[in-house]
Amino acid sequence: MKKISNTFELSGFIANDAQIRNFDTASVARFAISVSRAEKNQAGETSFKSALINIEAWRKNENLASFDRLKKGEHITVTGYFKPEEWTGTDGNKNQRVVLVAMKFHRTPEVEEQPETSAKKSSRKSKKAA
């Protein structure tokens with residue numbers, strides 16, 4: 001049987017300061033990340049489709065320093081896994097949702113991609129040939 005991976009990685013801007021709840025041995029931070037994607041319509045015009053993705057991150061209480069960077073507007077990259085949850089509401093209906101749990105997150109460096117020049121390309125080819 002083929003192994004199925006349950007992971008995600010996404011980058012975006014934090015939409016709101018994290019809401020942090022403390023428990024006896026651990027704490028959880030809940031926050032949303034704004035992500036967007038460019039789409040072209042039939043007329044060739046580009047528009048951006050945005051979405052807010054809810055994330056939760058758990059840490060042991062002695063390890064809470066990483067929550068300090070979860071401030072609105074920060075550009076971060078999050079790696080984690082999907083956690084399905086089920087519960088029965090007070091009305092008796094069964095509910096389901098999928099929670100994105102962050103295992104790691106870090107500030108995303110602002111890196112501008114530089115186009116590769118033809119001189120660099122030719123020097124790479126000559127190195128490979130040597």
Side-chain angles (χ1 to χ4, degrees):
M1 176 186 255
K2 191 173 188 177
K3 183 178 177 182
I4 299 172
S5 180
N6 177 6
T7 60
F8 72 88
E9 181 173 88
L10 62 95
S11 294
F13 291 95
I14 298 178
N16 53 359
D17 289 348
Q19 297 175 354
I20 300 171
R21 290 187 58 197
N22 298 309
F23 301 101
D24 291 337
T25 60
S27 296
V28 62
R30 291 189 174 100
F31 57 98
I33 293 181
S34 174
V35 296
S36 64
R37 176 185 126 107
E39 291 185 358
K40 289 191 178 193
N41 62 18
Q42 292 177 348
E45 298 169 340
T46 302
S47 65
F48 290 90
K49 301 293 181 184
S50 298
L52 289 177
I53 308 294
N54 293 315
I55 307 284
E56 79 179 23
W58 289 85
R59 298 292 182 267
K60 292 187 177 183
N61 284 340
E62 63 270 8
N63 224 359
L64 293 181
S66 64
F67 285 170
D68 293 344
R69 68 184 88 152
L70 298 177
K71 301 292 182 195
K72 181 178 180 176
E74 286 289 331
H75 190 224
I76 66 169
T77 298
V78 180
T79 305
Y81 65 92
F82 300 98
K83 180 177 78 171
E85 291 184 346
E86 293 182 2
W87 72 95
T88 304
T90 55
D91 56 2
N93 291 333
K94 289 189 178 186
N95 299 295
Q96 296 179 336
R97 71 176 180 171
V98 175
V99 177
L100 281 71
V101 179
M103 298 299 292
K104 298 178 191 175
F105 52 87
H106 58 86
R107 286 191 178 105
T108 305
E110 296 294 327
V111 178
E112 186 175 326
E113 292 184 21
Q114 298 292 327
E116 198 170 320
T117 63
S118 58
K120 286 182 181 178
K121 287 180 185 177
S122 62
S123 68
R124 284 185 187 165
K125 288 179 184 177
S126 62
K127 285 181 183 178
K128 287 181 181 178

[X] to [Y] - nearest heavy-atom pair and separation:
{"X": "Ala26", "Y": "Asn61", "value": "C-OD1, 3.1 Å"}
{"X": "Val28", "Y": "Arg30", "value": "CG1-NH1, 3.9 Å"}
{"X": "Ser11", "Y": "His75", "value": "CB-NE2, 4.3 Å"}
{"X": "Arg59", "Y": "Ser66", "value": "NE-OG, 3.4 Å"}
{"X": "Asn16", "Y": "Ala32", "value": "OD1-N, 3.3 Å"}

(request) Hey, could you give me the CH2/CD distance between Trp87 and Gln96, rounded to the nearest 0.5 Å? (result)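 Separation between the atoms: 8.5 Å.
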(request) Nearest 0.5 Å please: distance from the CZ atom of Arg97 over to the NZ atom of Lys83. (result)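 Going from the CZ atom of Arg97 to the NZ atom of Lys83 covers 7.5 Å.
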Tell me if the [atom1] atom of [X] is crowded by more than 12 foreign heavy atoms within 6.0 Å.
{"X": "Lys72", "atom1": "NZ", "result": "no"}
{"X": "Asp24", "atom1": "CG", "result": "no"}
{"X": "Phe23", "atom1": "CZ", "result": "yes"}

(message) I'd like to know if Lys94 pairs up with Glu86 as an ion pair, taking the criterion as any Lys NZ or Arg NE/NH1/NH2 lying under 4.0 Å from an Asp or Glu carboxylate oxygen.
(response)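 The answer is no: the pair does not qualify as a salt bridge.
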(message) Clusters formed by hydrophobic residues whose side-chain heavy atoms approach within less than 4.5 Å: which one holds Phe31, and what are its other members?
(response)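 Besides Phe31, the cluster holds Phe8, Leu10, Ile14, Ile20, Ile33, Val35, Ile53, Ile55, Leu64, Phe67, Leu70, Ile76, Val78, Phe82, Val98, Leu100, Phe105.
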(request) Answer yes or no: is there a donor N or O on one side and an acceptor on the other, between the side chain of Thr77 and the main chain of Thr108, under 3.5 Å? (result)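 Answer holds: no.
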(request) Walk me through it: do Arg69 and Arg107 pass the test side-chain contact (heavy atoms from CB on, under 4.5 Å)? (result) CA-CA 8 Å; Arg69 68 184 88 152; Arg107 286 191 178 105; 3.7 Å; yes
(message) Restricting to side-chain contact (heavy atoms from CB on, under 4.5 Å), what partner residues turn up for Lys40, sequence neighbours left out?
(response)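 side-chain contact (heavy atoms from CB on, under 4.5 Å) list for Lys40, sorted by chain: Thr46.
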(request) Could you check Thr88, Asn95, Asn93 and say which one makes a side chain to side chain donor-acceptor pair (under 3.5 Å) with Asp91? (result)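 Considering Thr88, Asn95, Asn93, a side chain to side chain donor-acceptor pair (under 3.5 Å) with Asp91 is found only for Asn93.
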(message) My understanding is that only residues two or more places apart in sequence, or in another chain, count here; which of them pass side chain to side chain donor-acceptor pair (under 3.5 Å) with Thr79?
(response)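 Thr79: side chain to side chain donor-acceptor pair (under 3.5 Å) contacts with Glu9.
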